[in-house]
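First comes the structure, then the notes that go with it.
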Amino acid sequence: MFKLTTVLSALFLTVVTVAQTNNNSFFKPSDTLNTSRRNAVILTEASVASLSIIGLNALWYSDYERSGLHSTNDNSEWFKMDKLGHSFTAYQLGRFGAQALDWSGVSKEKQLIYGATLGFSFLTAVEVLDGFSEEWGFSWGDFTANAAGAGLYIGQELLWQEQRVQLKYSFNRSGFANQNPNKLGQGLAEELLKDYNGQTYWLSVNLQSFFKESSLPKWLNVAVGYGVDGLLYGNAELQAVHFPNQERSQQFYLSLDVDLTRIKTNSTFLKQVFNVINVIKVPFPTLEINGKGKLNGHLIYF
C-alpha cells in the first residue's frame, strides 16, 4: 500500500511546485495541438514511470525473495480499504494524465486512451512486479480495483463529458499505528499512507450537474464515505493471534463536500491549485453509521 500512495504523493508535490510559478499563460490549456507541450508531457510521464518501476524493483522488492509469476487472493484483507486505495490512485492518476494531454491540445479521444489509463497502466506494471515477489503475488483484486478507478473517470467523460462523481480522500490520525508501526506506519507521514484506520475514501457527487436547471450552487456535492477502525493486521485470523481483544469494525459516512473545480475564478493559476487539492474531501458536519448500526454525528469530520 505504501508504494502505491507514494506515487500519488510525488505527483501532488510536482504539480504544486510547478503551480507556484503563478504563470497563467503557462497553465492555460492549448486550443490546438502543441507538440512541444505534448512531447514534454510524454517524456516526463515516461521518465517518472520508468524511474519509479526501476526504483521499486531495486529498493522495495530487493528485500524479498524472487519467484515465478504467481497470483494471490487478498480480497478478504483490510476490509477492502486497500482496494479502494488502488481505485482512488488509478482514478486520480488517470485524471491528471488526461488533463496533462488536454493542456497539450491533444484530442479528447487520445486524452482518454493515453492519459486516463495512466494510473491503470502504471499500477498494472507494479502488480506484475508483485507477481514475481515471493512475499506478495499478483492480485486480481488489485487489478480489478485499478480498472474500476480508471473506468470511473473514462466512463463519465464518455457519458457526460464531465466528472459528476469523484473519488476523494481524507485522514484522521487514529492512534492504532503506535500498536503496530511496522504495518501501519511510524509518524504522521507514514500513517497518512499506511494506516487504513485513519483513512476515509469518498464518492463525492455533484448535485447541480444532475439537476442543470436547479438553483443549487454549482460547487455543492454530497459525499458518501467508507472507513475502518481497529485493523492492526489485514488478516483477521492473524490479528486474533496478536491482538485478540481488539475489535475490528467498518464505518459509513454521509456528508457535504465542495467541488473546488467548479468555483468560478478568472485566474488560471488558481484553477490549477483548486484542481490539485480537489482530491481531498472538504471537512463538513457528518453522519456516521458504524458496523453495529449505531448512528453518530460529527460537527466537523475530516
Side-chain angles (χ1 to χ4, degrees), residues 4 7-8 11 15 27-35 37-38 41-42 44-46 49 83-127 140-169 201-214 216 218-226 257-264 268 271-272 274-281:
L4 298 177
V7 176
L8 191 57
L11 176 62
V15 176
F27 284 109
K28 186 177 181 180
S30 178
D31 295 329
T32 58
L33 178 62
N34 185 315
T35 54
R37 286 188 177 187
R38 180 201 61 192
V41 168
I42 293 173
T44 301
E45 289 182 352
K83 303 299 180 278
L84 286 175
H86 276 261
S87 294
F88 170 79
T89 305
Y91 175 84
Q92 295 295 350
L93 285 178
R95 183 170 74 90
F96 286 124
Q99 290 174 349
L101 291 180
D102 178 59
W103 172 76
S104 307
V106 172
S107 69
K108 188 70 174 181
E109 179 183 7
K110 291 183 178 179
Q111 290 175 35
L112 297 181
I113 294 175
Y114 301 111
T117 58
L118 175 65
F120 172 76
S121 300
F122 177 81
L123 295 179
T124 297
V126 174
E127 206 60 48
W140 285 106
D142 290 352
F143 180 85
T144 301
N146 298 338
L152 179 62
Y153 181 87
I154 295 171
Q156 292 185 87
E157 290 299 316
L158 292 174
L159 183 60
W160 297 315
Q161 293 78 54
E162 62 178 348
Q163 295 297 296
R164 299 183 180 184
V165 181
Q166 302 180 56
L167 278 173
K168 292 193 175 189
Y169 167 94
Y201 289 101
W202 302 84
L203 272 180
S204 184
V205 182
N206 183 259
L207 296 176
Q208 201 274 340
S209 63
F210 285 101
F211 304 99
K212 297 289 188 182
E213 304 302 320
S214 72
L216 290 167
K218 292 185 178 180
W219 46 262
L220 180 63
N221 283 24
V222 169
V224 178
Y226 175 70
D257 188 29
V258 175
D259 185 346
L260 298 174
T261 65
R262 296 178 185 265
I263 295 178
K264 285 188 176 181
T268 306
K271 286 180 181 178
Q272 295 307 319
F274 285 162
N275 185 53
V276 171
I277 62 178
N278 201 48
V279 302
I280 305 298
K281 195 265 183 194

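- Taking CG of Asp257 as the start and CG of Asn278 as the end, the distance is 7.5 Å to the nearest 0.5 Å.
- Annotation: the span from Gln166 atom CD to Gln156 atom CD amounts to 8.0 Å, rounded to 0.5 Å.
- Distance check, rounded to the nearest 0.5 Å: CZ of Arg95 to CD of Gln111 gives 13.5 Å.
- Aromatic rings of Phe88 and Trp202 (six-membered ring for Trp) have centroids beyond the 6.0 Å cut-off, not under it.
- In this structure, the side chain of Arg37 engages the main chain of Trp103 through a donor-acceptor pair within 3.5 Å.
- Pairing each heavy atom of Gly97 with each of Leu118, the nearest pair is CA-CD2, 4.0 Å.
- Using modelled atom types, one finds a donor on one side chain and an acceptor on the other under 3.5 Å when comparing Gln163 with Tyr91.
- Here the CG-OG distance, from Leu101 to Ser30, works out to 12.0 Å after rounding to the nearest 0.5 Å.
- A salt bridge is absent between Lys218 and Glu162: the closest approach of a Lys/Arg side-chain nitrogen to an acidic carboxylate oxygen does not fall below 4.0 angstrom.
- The line from NZ of Lys264 to NZ of Lys271 is 10.5 Å long, rounded to the nearest 0.5 Å.
- Checked against Leu167 for a side chain to side chain contact (heavy atoms under 4.5 Å, CB included), the options Thr89, Val279, Leu84, Leu203 give a single hit: Leu203.
- The closest side-chain donor-acceptor pair between Asn146 and Glu127, if any, does not fall under 3.5 angstrom.
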